[in-house]
Structures are given as C-alpha cells and as structure tokens.
Amino acid sequence: MQNEKGIKQIDWENLGFSYIKTDYRFLSHYKNGQWDEGSLTTDNTLHISEGSTALHYGQQCFEGMKAYRAKDGSINLFRPYENARRMRQSCERLLMPSYSEEAFVEAVKKVVKANEEWVPPYGSGSSLYIRPFVIGVGDNIGVKPAEEYIFSIFVLPVGAYFKGGLKPSNFLVSSYDRAAPRGTGASKVGGNYAASLLPGKEAKERHYSDAVYLDPATQTKIEEVGAANFFGITHDDEFITPKSPSILNSITKRSLMWVAENRLGLTVKEGDVYIDELDRFKEAGACGTAAVIAPIGGLQVGNDFHVFYSEEEVGPVTMKLYNELVGIQFGDVKAPEGWIVKVD
Ligand SMILES: Cc1ncc(COP(=O)(O)O)c(C=O)c1O
C-alpha cells in the first residue's frame, strides 16, 4: 500500500536492521573479461556454481551506504563515490575485477529509484540501507581467482540506530585480533566479519555492545570498535582517530573529521590511540554508516573499566558532531561540495 506521496505505508519509526525484501535489485555479470551492462531484477535469490570462489575461499567484498529522504521529498545519497572507490580497492586486494566508479554510482541510483517507495519518509529517522557486493562465481576448485563474477546491489529500509536519541553504551577490549598487520583489515571483505563473529558474541554475552580490537602487531593501540572506527575528543578539544593499515577507512569518520575541523573548530589528528592513555579523552565514540556515532560510555580493558564522558549521557562535542553530520545527510544542513548526490 502507498500513501499519496508514493511512499509505502509501514511503521517507519519502529524499523530495526533486519532483512526486508524490496522490489528490485541490480545484477551484473562478469564473463570473458568484461562486465555486462547489468539490469534490475525482482528475484532476490542467486543461482551460482557450487565451485564459486566466494563460497570456499572468501573471494567477495561488499559495501554499506544509505539513501536519505530530504524534507522536500527528494532522495540524497551520501558520498557514494567514496563507497565506489573503496569497493574498487577491496576488489583489487582480492584480485576481483572492479566495477567502474561512475557505473557503480549509476547502478546505485537506478536501484534506489526503482525502490523509491521503500525510502522512509523525512522525519522518521529511518533511511534506505544500500548493500552493493561482488562475488567470485563459476565452476572452480583450486585456490585461484575466479573467472566469473557477479556484482549486485540490494536495498532495504532500516530504522535509526538509536530510537529516541543517542545513548552511550559500554564496550569490551577483545583479546582476539580482527585483522593481520599486513592483511585485509583495510578492505571490506567478508572474512574480516566472519572472524569478528566470535569476539562479538563473547562481548555481547557479557553485556557489552561489541568488541574493541587493538592493533594486531602490538595489542597496545585501539583500531576498531566492532564494525566501526574509533574517535576520541581530548581535553584540549582535539578530534583524534587511529591511523593504521589494518582498519577500514570509514567514510563516516572522514566526514566527521571534516565537520570537526570546519564546522566545530576542533583540531583533527589521525594517530595512535594507546589503550593505557584513555585519560586524555573527555569523550569517545564509534563511527560508521549504521549509527553515524555510537557514543562510548565505558571501556572494559582487562579488569579496568574506564568511563569517558558518562555512562548515561552523551558528551556535548559528540552531540554536535552527530547533529551536524545527520543534518548534512538529510539535507537540513549545508553539505560540502559533492557530498550529496541526488537520485532523480
Ligand atoms: C570494520 C568497519 N569499520 C568501520 C566501518 C565504518 O565505515 P563507514 O563509515 O564507511 O560505514 C565499517 C562499516 O560500517 C566497518 O565494517
């Protein structure tokens, strides 16, 4: 059912993050050294060879991004060329043929437009999650790159991560490593996430939101917070975020760095965040597409529990960063040149 504005009638305020089958997905095949043009399809299943490299050797990668309904009813993509570039880099790391960045963004626009009715209304706090992925397919058995690939994009409406406003939560520093020092941590490949399932489960069983990963070489520096990057605000109003070849280069983090410097007047630095120097921060958070910011109340490090701003309240700098970036994504706040790409 649709309302008069061409938006489905769903309880948009109470959506979570669960699979919903929307109407169309984009599908393109790579064969004989080239990608076909790709097209939209209504079938949400894939029929692939049992020998597909994606199934056995993890030759696959993905992206995660969102479309936002603006006040005037139009649809905003947020920095989609950054996702296109990161997917190309992930493909290159796993010897998969990359999809042109321009064609990636056009395909995203096409699939969002086709599922326009599923883009949640402005003001609901919900958005349309977009999941592009590339998988190695075809008849194969040896450990080698596939000769055939599928690039697909599906979309589904998702709720705001925090209903009723941002809330801090606690995290557990994991004794597991998420990625190897010169491995695939900087690529958005499934193996990294398979490896994070057990540490994530153990953290949640102990009532923490997720696991925090330290640098795999020395286990002395913070790298990732679950599937998000870390940032901290020092007592001197510096925005600090880790720099490492084994973390995923978050687009949200880079956007927050810009906002912190240009809209909030903070000093921004990428550098080491030693786990035994948490006192330098008055506020801390995890950042990524899903939540934009998940404020970190406290961090369990061995037997020590370190509280940043508060376990109950969100710090003022975190709040300002969040409001500014969410405002940009929904079109309420002026965006830097090129950050918002309209779907029309
Ligand atoms: C491991 C990991 N780190 C960081 C991020 C945040 O990246 P982005 O801001 O581009 O969503 C993600 C994805 O959300 C992730 O999976």
Side-chain angles (χ1 to χ4, degrees), residues 58 61-65 79 82-83 85-94 171-200 203 208-234 238-261 266-281 283-296 299-302 306 308 318 321 325:
C61 69
F62 65 101
E63 270 303 321
M65 52 200 287
R79 308 190 76 180
E82 297 299 318
N83 295 94
R85 186 150 57 113
R86 194 168 64 189
M87 197 179 80
R88 181 171 56 71
Q89 289 164 350
S90 297
C91 284
E92 285 168 1
R93 180 66 179 81
L94 297 197
F171 291 80
L172 170 70
V173 171
S174 181
S175 50
Y176 292 97
D177 292 324
R178 171 187 166 272
R182 282 163 289 276
T184 55
S187 307
K188 207 162 167 66
V189 301
N192 297 340
Y193 297 82
S196 75
L197 294 176
L198 179 60
Y208 297 97
S209 284
D210 214 330
V212 167
Y213 300 97
L214 302 181
D215 70 295
T218 69
Q219 290 218 320
T220 58
K221 298 175 266 185
I222 293 183
E223 292 231 313
E224 296 262 25
V225 187
N229 280 181
F230 174 90
F231 72 88
I233 309 296
T234 66
E238 289 175 329
F239 178 105
I240 315 267
T241 186
K243 190 169 181 62
S244 153
S246 48
I247 65 177
L248 191 76
N249 193 3
S250 158
I251 296 161
T252 313
K253 173 197 68 188
R254 280 184 279 134
S255 306
L256 287 172
M257 287 166 70
W258 187 92
V259 165
E261 186 170 342
L266 307 182
T267 304
V268 171
K269 286 187 187 155
E270 279 185 284
D272 293 334
V273 175
Y274 287 95
I275 197 69
D276 60 2
E277 291 181 1
L278 298 179
D279 281 339
R280 52 195 290 234
F281 301 111
E283 297 179 33
C287 56
T289 296
V292 179
I293 293 177
I296 303 177
L299 192 53
Q300 187 76 46
V301 191
H306 179 90
F308 291 98
T318 303
L321 286 167
L325 190 53

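Computed from a prediction, not measured in an experiment: that's the story for all the values here. These values consider heavy atoms only, across backbone and side chains, with no hydrogens, waters or symmetry-generated copies.
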For Glu277, what residues pass the salt bridge (Lys or Arg N to Asp or Glu O under 4.0 Å) criterion, not counting sequence neighbours?
none
Residues passing the salt bridge (Lys or Arg N to Asp or Glu O under 4.0 Å) test with Glu283, sequence neighbours excluded, are none
Quick note, salt bridge (Lys or Arg N to Asp or Glu O under 4.0 Å) partners involving residues 245-254, not counting sequence neighbours, are Glu82-Arg254, Lys253-Glu270
For Phe239, the ring pair (Phe, Tyr, Trp, His ring centres under 6.0 Å) test, sequence neighbours excluded, returns Phe231
Table please: side-chain donor-acceptor pairs of residues 180-188 below 3.5 Å, with sequence neighbours left out.
from: Thr184; atom 1: OG1; to: Asn192; atom 2: OD1; distance (Å): 3.0
from: Lys188; atom 1: NZ; to: Tyr193; atom 2: OH; distance (Å): 3.2

Only counting residues at least two apart or in another chain, list the ones meeting side chain to side chain contact (heavy atoms under 4.5 Å, CB included) with [X].
X: Thr252; value: Ser250, Leu256, Cys287, Thr289, Val292, Leu325
X: Glu92; value: Arg88
X: Ala179; value: Ser246
X: Thr267; value: Glu238, Lys269

Show the nearest heavy-atom pair for residues [X] and [Y], with the distance to one decimal.
X: Arg280; Y: Val273; result: NH1-CA, 4.3 Å
X: Ala203; Y: Leu172; result: CA-CD2, 3.9 Å
X: Pro199; Y: Ala195; result: CD-O, 3.3 Å

All side-chain hydrogen bond (donor to acceptor under 3.5 Å, both in side chains) counterparts of Ser255, not counting sequence neighbours
Arg79
Could I get the full list of side-chain hydrogen bond (donor to acceptor under 3.5 Å, both in side chains) partners for Gln300, not counting sequence neighbours?
Tyr208
Under 3.5 Å, side chain of Arg86 to main-chain N/O of Glu63, donor-acceptor pair present?
no
Would you say the side-chain atoms of Asp177 pair up with the backbone N or O of Tyr213, donor to acceptor, closer than 3.5 Å?
no
Can you tell me how far [atom2] of [Y] sits from [atom1] of [X], rounded to the nearest 0.5 angstrom?
X: Ile233; Y: Thr241; atom1: CD1; atom2: OG1; result: 9.5 Å
X: Phe230; Y: Phe281; atom1: CZ; atom2: CZ; result: 5.0 Å
X: Asn249; Y: Lys243; atom1: CG; atom2: NZ; result: 7.5 Å
X: Leu214; Y: Tyr274; atom1: CG; atom2: OH; result: 12.0 Å
X: Ile247; Y: Ile222; atom1: CD1; atom2: CD1; result: 11.0 Å
X: Glu223; Y: Asn229; atom1: CD; atom2: CG; result: 9.5 Å

Close side-chain approach of [X] and [Y], heavy atoms under 4.5 Å:
X: Leu198; Y: Tyr176; answer: yes
X: Ile296; Y: Val212; answer: no
X: Val189; Y: Arg93; answer: no
X: Leu299; Y: Ile275; answer: yes
X: Asp276; Y: Thr220; answer: no

